[in-house]
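Some notes on the structure that comes next.
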Amino acid sequence: QVQLVESGGGLVQPGGSLTLSCVVSGFASDFTIGWFRRAPGMEREAVSCLSMTDGTTYYLDSVKGRFTTSRNNGGNTVYLQLNGLKSEDTAVYSCATAKYLGPICSYFSTGAVSQDDFGPWGQGTQVTVSS
């Protein structure tokens, strides 16, 4: 049974940074971990993806160069480093595991996978970017 616990959200000014953490337990070492966000009045969207097998990553175009997802050395904590935050980054950020094995991260850019291919989900952590 996979469980995920997120933390690290908060209120920051534009241009600021935050580090989000996702502690994952009860998962296989070759799982895929995705970060998603849901902004006010919008649908949930994939922000990043990290393969635990080969390190393959995916990033939403609007966050490339600003956000970085990583894993602690051989551990069960996945991070999402948020830099250069903008007001439009305000959202609830959630992490989730893929429901099945495979090159999941590689398929995001093609639209072949979505949030429906992930679960269970963490509780989410609020990121608010405002001056």
Under a 3.5 Å distance rule, please check whether [X] uses its side chain to pair with a backbone N or O of [Y] as donor and acceptor.
{"X": "Thr90", "Y": "Val129", "value": "yes"}
{"X": "Arg37", "Y": "Ala91", "value": "no"}
{"X": "Ser17", "Y": "Asn83", "value": "no"}
{"X": "Arg38", "Y": "Met42", "value": "no"}

Would you indicate whether the side-chain heavy atoms of [Y] and [X] approach each other to under 4.5 Å?
{"X": "Ser48", "Y": "Thr57", "result": "no"}
{"X": "Val47", "Y": "Leu80", "result": "yes"}
{"X": "Thr97", "Y": "Val24", "result": "yes"}
{"X": "Cys105", "Y": "Thr56", "result": "yes"}
{"X": "Phe118", "Y": "Thr32", "result": "yes"}
{"X": "Val127", "Y": "Leu82", "result": "yes"}
{"X": "Thr69", "Y": "Tyr59", "result": "yes"}

ILVMFWY cluster, [X] and [Y] together (side-chain gap under 4.5 Å):
{"X": "Leu20", "Y": "Leu60", "value": "yes"}
{"X": "Val2", "Y": "Met52", "value": "yes"}
{"X": "Val5", "Y": "Leu18", "value": "no"}
{"X": "Tyr93", "Y": "Leu11", "value": "no"}
{"X": "Trp121", "Y": "Val23", "value": "no"}

Original post:
How would you list all residue pairs meeting side-chain hydrogen bond (donor to acceptor under 3.5 Å, both in side chains) that involve residues 103-113, not counting sequence neighbours?
Top reply: none

**OP:** Go through the side-chain N and O atoms of Tyr79 and Asn72 and say whether any donor and acceptor fall under 3.5 Å apart.
**Re:** no

Original post:
Any side-chain donor paired with an acceptor under 3.5 Å for Gln81 and Thr19?
Top reply: yes

Original post:
Should Cys95 and Leu4 be marked as a side chain to side chain contact (heavy atoms under 4.5 Å, CB included) after you check the CA-CA gap, both sets of side-chain angles, and the distance that decides it?
Top reply: CA-CA 7 Å; Cys95 60; Leu4 304 94; 3.6 Å; yes

**OP:** Decide side chain to side chain contact (heavy atoms under 4.5 Å, CB included) for Ser94 and Val92; before the verdict, give the C-alpha distance in whole Å, the side-chain angles of both, and the deciding distance to 0.1 Å.
**Re:** CA-CA 7 Å; Ser94 302; Val92 175; 4.2 Å; yes

Original post:
Between Asp89 and Lys86, does at least one N-O distance fall below 4.0 Å, as a salt bridge requires?
Top reply: no

Original post:
Near Gln3 CD, under 6.0 Å, is it more than 12 heavy atoms from other residues, nucleotides or ligands?
Top reply: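 Counting other residues, nucleotides and ligands, CD of Gln3 stays at 12 neighbours or fewer.
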
Subject >> Audit row: Trp35, Phe67, ring-ring contact (aromatic ring centres under 6.0 Å, His included) steps and yes/no >> reply: CA-CA 11 Å; Trp35 283 96; Phe67 293 5; 10.0 Å; no

Original post:
What about Tyr58 and Phe36, are their ring centers closer than 6.0 Å?
Top reply: no

Subject >> Interatomic distance, Arg44 atom CZ to Asp116 atom CG [nearest 0.5 angstrom] >> reply: 9.5 Å

Subject >> Distance, nearest 0.5 Å, that separates OG of Ser62 from CD of Glu45 >> reply: 6.0 Å

